[in-house]
**Q** 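Structure incoming, see below.
Quick note: residue numbers are just sequence positions, from 1.
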Amino acid sequence: QIVPLEIDGRDVPVVVLAPAEAPPERGFPLVVSLHGQSVDGARECDHNWRPQRGVVIACPTEASAPWRG
């Protein structure tokens with residue numbers, strides 16, 4: 001699933017991998033993978049994370065990678 005996330009007034013597409021199982025009462029922990037510019041969020045999630053049990057993975061795609069500043 002791709003979800004837009006607003007960063008500095010711009011919508012940044014974020015690939016989100018959520019577990020198939022029902023979330024516990026407090027929800028799942030979130031891991032955000034802030035990768036380099038040479039890879040997009042879909043490839044980052046697919047190559048390095050795959051769906052995980054009990055954790056949500058978010059891999060943003062942003063050409064200027066504002067989190068690197």
**Q** Please report the shortest heavy-atom distance between V3 and V16, naming the atom on each side.
**A**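 That would be CG2-CG2, 4.0 Å.
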
**Q** Using the side chain to side chain contact (heavy atoms under 4.5 Å, CB included) criterion, which residues pair with V31? Sequence neighbours excluded.
**A** W49, V55, I57

**Q** I want to check something: taking the side chain as every heavy atom from C-beta on, are V56 and P19 in contact at a cut-off of under 4.5 Å?
**A** yes

**Q** What closest approach, in Å, do P60 and S33 show between heavy atoms, and which atom pair accounts for it?
**A**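 Here P60 and S33 meet closest at CD-O, 3.4 Å.
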
**Q** Tell me every residue that passes side chain to side chain contact (heavy atoms under 4.5 Å, CB included) with E6, counting only those two or more places apart in sequence or in another chain.
**A**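 Listed in chain order: D11.
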
**Q** If every non-hydrogen atom of P23 is compared with every non-hydrogen atom of G27, which pair is closest and at what distance?
**A**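 In this case the closest contact between P23 and G27 is CB-CA, 4.3 Å.
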
